[in-house]
Amino acid sequence: MSDLRELYQQVILDHNRNPRNFKELPGAMRKVEGFNPLCGDHYTVFLNLDGDVIREVTFTGSGCAISKASASVMSSTVKGKSTEEANQLFDTFHSLVTGDTSTVDAGELGRLAAFSGVSEFPARVKCATLAWHTLRTALEGEQESITTE
Amino acid sequence: MSVLTQTAGPASTLDIETVRRDFPILRREVRGKRLVYLDNAATTQKPQAVIDRIVKYYAEENSNVHRGVHYLSEVATEAYEGARKIVKDFLNARDVKEIVFTRGTTESINLVAQSWGRRNIGAGDEVIISAIEHHSNIVPWQMICDEKGARLRIIPVNDQGELSLDEYEKMLGNRVKLVAIGHISNALGTVNPIRKMTELAHAAGAVVLIDGAQGVPHGVVDVRDIDCDFYAFSGHKVYAPTGVGVLYGKQALLQAMPPWQGGGDMILSVSFEKTTYNSLPYKFEAGTPNIEGVIGLGEALRYISGLGVANVAAWEHDLLLYATARLQEIEGLTIIGTAADKASVISFVLEGVHPHDIGTILDQEGIAVRTGHHCAQPLMMRFNVPATGRASFGLYNTREEADLLVEGLHKVIEVFR
Ligand SMILES: Cc1ncc(COP(=O)(O)O)c(C=O)c1O
């Protein structure tokens, strides 16, 4: 069970049960859908920017505990950050969940560190990163939907 | 629950210890636990007899088929055509000419759509499928209907996962050219009344294709009794290798159909002015086929016949009833698909836990199940679930393994409590 407890940490279970910013954002500046065709995870990320600064991120949709908790933690973590800071955070998060920890500064991660267990479950990396990929696309402001395939 | 009202069928005499020993992979451990393989609807494991047969082919018989006058080519051709005879007998087809080897169910269906469909489906015509089809029995028909301006119609399904025969009968007007129906649903386990449905379609003048990907693994298939015009299945779902499948077609229909791929083997003579096509079934087997796959398929069917197809079905039916009853004891678990006539495929959802998480946690216990939409997205929408977990039982599974599944699901609940 130990690997499982590492994967399903309290923070993740909590955000899965009570996702933060889990709502539509009427009139959002950007709205992007993210799919994981393999398992049917499907989220929509809403984004409002103030110049280059992320003012608000919300999301709707459904998926597994890892993907939902990741979207929830992401939405609260990136608020107030610049586009560049958010992208950097995604890079760090990506390194964390793929097990490339040499470059990860734990201090920078805060609650995102709860996803460290994902690196032991390669099949779940896509779940953990789906919302982030979707957010990145929204920040780039070009497309309306992406998939993880 | 209608499933529980099903009575136990005739007792199976399967010698399960011997059967399990026939499948070497069942001896391996996964994540430190003995493998419990419950993903048979995705693909099945292979018995030693099939593995040995393929090794023997490469060690002693390898050659191209239908091409050489030399000894090995004769041996390989004999083995390849021998497998065709085995398939013909297995399906109770009339003639080996009716057995076309393909890459699998998907290719078999596409063959019919592209060859028969192109020629026989026109603007304003109708093709009927059902709400519980696998994507491979949806998309090829969408493609041909789009191309021809024909209409795709969908037989609705009730909350138990059974097709509405009343609605089906109403749809069967004179514009219907083809009915394409799954024998057994890979997502719900529903066994469709294909004999009756074929009879109704024929009365309306329509041709019938059965997607038998899940039919052949779970019971006796007699194409003459069903009277369908086409029947498609995949080797890998019946304990044979991947990359090989079968299209059964009634001879007169196949005869009238144009080839769909051109190349070697499917011709009698080629000149730049005119090519004469080969006779059945070679007209539809362009290029060097999957020889080892075909030979392996023959061996797999021989293996199942040795156990007795009805015997296997009885064994699996017992597993279905037992596993269904055990799963229903789990609080918060709902079985999706409770048709009165069901094969050993059980789809389920667990309250508050996404199937993907169930899959990961069971995997830690060495238990392999499928989680997701099972290539049946319209069906998932119909039942208003994004995905399900699915345990599908094969001939080597046991009641003890159903118990392990239930234990594993209790662990899932524990993690998420
Ligand atoms: C009912 C059904 N139809 C068609 C298919 C497609 O089979 P294959 O991928 O072997 O071509 C499958 C397999 O997933 C199936 O279960």
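Throughout, protein chains are lettered first and strands after them, A, B, ... in sequence-line order, and every chain is numbered starting at 1.
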Does atom CD of A:Glu24 have more than 12 heavy-atom neighbours from other groups under 6.0 Å away? no

Please identify, among A:Ala123, A:Cys127, A:Ser62, A:Gly63, the residue contributing the most non-hydrogen atom pairs under 4.5 Å to chain B. A:Gly63

As an exercise, state the distance from CG of A:Asp3 to CD1 of B:Ile361, rounded to the nearest 0.5 Å. 12.0 Å

I need the contact set between residues 68-91 of chain A and chain B: heavy-atom distance under 4.5 Å, sorted by residue number. none

Applying a strict 4.5 Å limit to non-hydrogen atoms, the region of A:Ile66 in contact with chain B is both

Using the side-chain contact (heavy atoms from CB on, under 4.5 Å) rule, pick out the option among B:Thr360, B:Asp357, B:Val353 that qualifies with A:Cys64. B:Asp357

Stepwise side-chain contact (heavy atoms from CB on, under 4.5 Å) check, A:Asp41 with B:His354: CA-CA 10 Å; A:Asp41 289 359; B:His354 191 278; 3.6 Å; yes

If we only count heavy atoms from C-beta on, is the B:Pro386 to A:His42 side-chain gap below 4.5 Å? no

Between A:Arg124 and B:His356 the two heavy atoms that sit nearest each other are NH1-O, 3.5 Å

B:Arg103, CZ: over 12 other non-hydrogen atoms inside 6.0 angstrom: no

Kindly give the heavy-atom pair with the smallest separation between A:Arg17 and B:Phe416, and that separation in Å. NH2-O, 3.1 Å

B:Glu414 and A:Arg5: which non-hydrogen atoms are nearest, and at how many Å? O-NH2, 3.9 Å

Under 4.5 Å to a heavy atom of chain A? For B:Arg417 that would be backbone

